[in-house]
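For reference, the structure is listed below as structure tokens.
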Amino acid sequence: MLALVLASLVSSCALLGGDDDEADARPAPASAGAPDVAGAVTRTLDRRASAVLAGDRARFRAGLARGPRFRAAQDTYLANLAQLPLADLRYRVDPASLVRDGDAYWAVVEVHLQLEGYDAVPVVSRDRYLFRPDPRRPTRLRLASVTDADWEAAHGVREQPWDRGPVVVRAGTGVLGIFDEGSRPAAAALLGSVERGIAAVAARVPYPWPRSVVVYALSDPRFLRSLPDLPGGDADGVDGVAFPVLASPGDPTLAATRLALHPRLLDRSGAARDRLLRHELTHVALGARDDGAPVWLSEGIAEYVSVQPMPPEERWLAGPAIDAARAGVTRLPADESFNGPGSAANYGLSWWACEYLARTFDASVLFGLLDATAARQTAPGEVLEGLLGITEGQVARRTARLIRTTYG
């Protein structure tokens, strides 16, 4: 049955040309969910996965439709994946998504990709692929496109850097750096800074965590701009961000927490960059524990941990936080306005609220508060009063007093 179905498709191969670089994304309205076509697509994808894992370029290219630009882009994709420590790579087709487009088929494909040593589980992403009949083997289909811009926009697809263009992958102890040609010269220094940061954070954060991280350090900010929920909503306003990578769309399982850096950070070195990296690595170490905690506590802990390796005289505080402390503070920063216009003051006040609590009690109380508030079962103010016998207002006022004393 498969041979008959595909042979009928091949009969119109002269219409395909075979050199199309831009696939026609106007499918016929009728669905083509025939299980034999799904089987042919599955076999094409299985051969693709095994070729990638084996680094077999000839076999990989045998599964591609003709077209110089498409093949060149796929060669880049193969070269990119060859640099990654792949623990798992699979492609899975959704048979119900098959739609006939002339004698070709569109299908929604799941890509299961797990980075060994960095992802707790495979990360599943979805995209829409086009398959055309192989003119030389009527029982096979070839991959003709991995892009359907309209479908991707409608489904919020976010490509990884290795899907977009050439990347340069460099590894250190516990760090996998994703660079490009523009950022490659900064790789060695940045990897060393991340390695030192992992060690510093591990010495302060009491939770078990893998002590490894994937860092996106690209000269092009497009990937950073594609991330949702950036602080302040502006990629150009952040030097770096830790972001969660979920197992799949709709699955809240945390596969990893990774870092994405703004290109301007590549040209920065020394204590300022090290401090920023320690801040973001603290979020990696906390993982999902700070998801339900008040923002002042999770960001305050990250700031507190980030400055611990620094001499006290070098722990600079942003001017807006000092100004706020001088004007008087009666409450801790609120979640809903934390990353608004007053974010510089909010980060500083949150850090020094943690400084106040750690100096008055012990640094361990910060993580006790985090554990107690993470599930949102109790309001943060009630946790403070219940555990420490102090109100949020008292913490805010005493934090401001400590800042004024420290910074004059």
Fill in: Proximity of Y407 and W352 rings by center, below 6.0 Å
yes
Worksheet item: Between D94 and R126, does at least one N-O distance fall below 4.0 Å, as a salt bridge requires?
Response: no
Discussion item. What I want to find out is whether D148 reaches R128 closely enough, with some N-O distance under 4.0 Å, to be called a salt bridge.
Written reply: yes
Worksheet entry | Salt-bridge contact D274-R196 (side-chain N to carboxylate O under 4.0 Å) | yes
Worksheet entry | Charged N-O contact under 4.0 Å between D56 and R47 | no
Please tabulate, for side-chain N and O atoms in residues 155-163, each donor-acceptor pair with protein atoms closer than 3.5 Å (sequence neighbours left out).
{"residue": "H155", "atom": "ND1", "partner": "W151", "partner atom": "O", "Å": "2.9"}
{"residue": "Q160", "atom": "OE1", "partner": "Y216", "partner atom": "OH", "Å": "2.6"}
{"residue": "D163", "atom": "OD2", "partner": "Q160", "partner atom": "N", "Å": "3.1"}

Practice prompt. Please list, chain by chain and in numerical order, all residues satisfying side-chain hydrogen bond (donor to acceptor under 3.5 Å, both in side chains) with T406, sequence neighbours excluded.
Written response: none
Discussion item. Quick test of your reading of the model: are D236 and R225 salt-bridged, counting only N-O distances below 4.0 Å?
Written reply: yes
Worksheet item: So does E303 pair up with R275, basic N to acidic O under 4.0 Å?
Response: yes
Discussion item. Could you check whether Y207 and F367 have their ring centres less than 6.0 Å apart?
Written reply: yes
Fill in: Salt bridge D46-R48, side-chain N to carboxylate O under 4.0 Å
no
Discussion item. Just by distance, no angles: are the side chains of S343 and N346 close enough, under 3.5 Å, to form a donor-acceptor pair?
Written reply: no
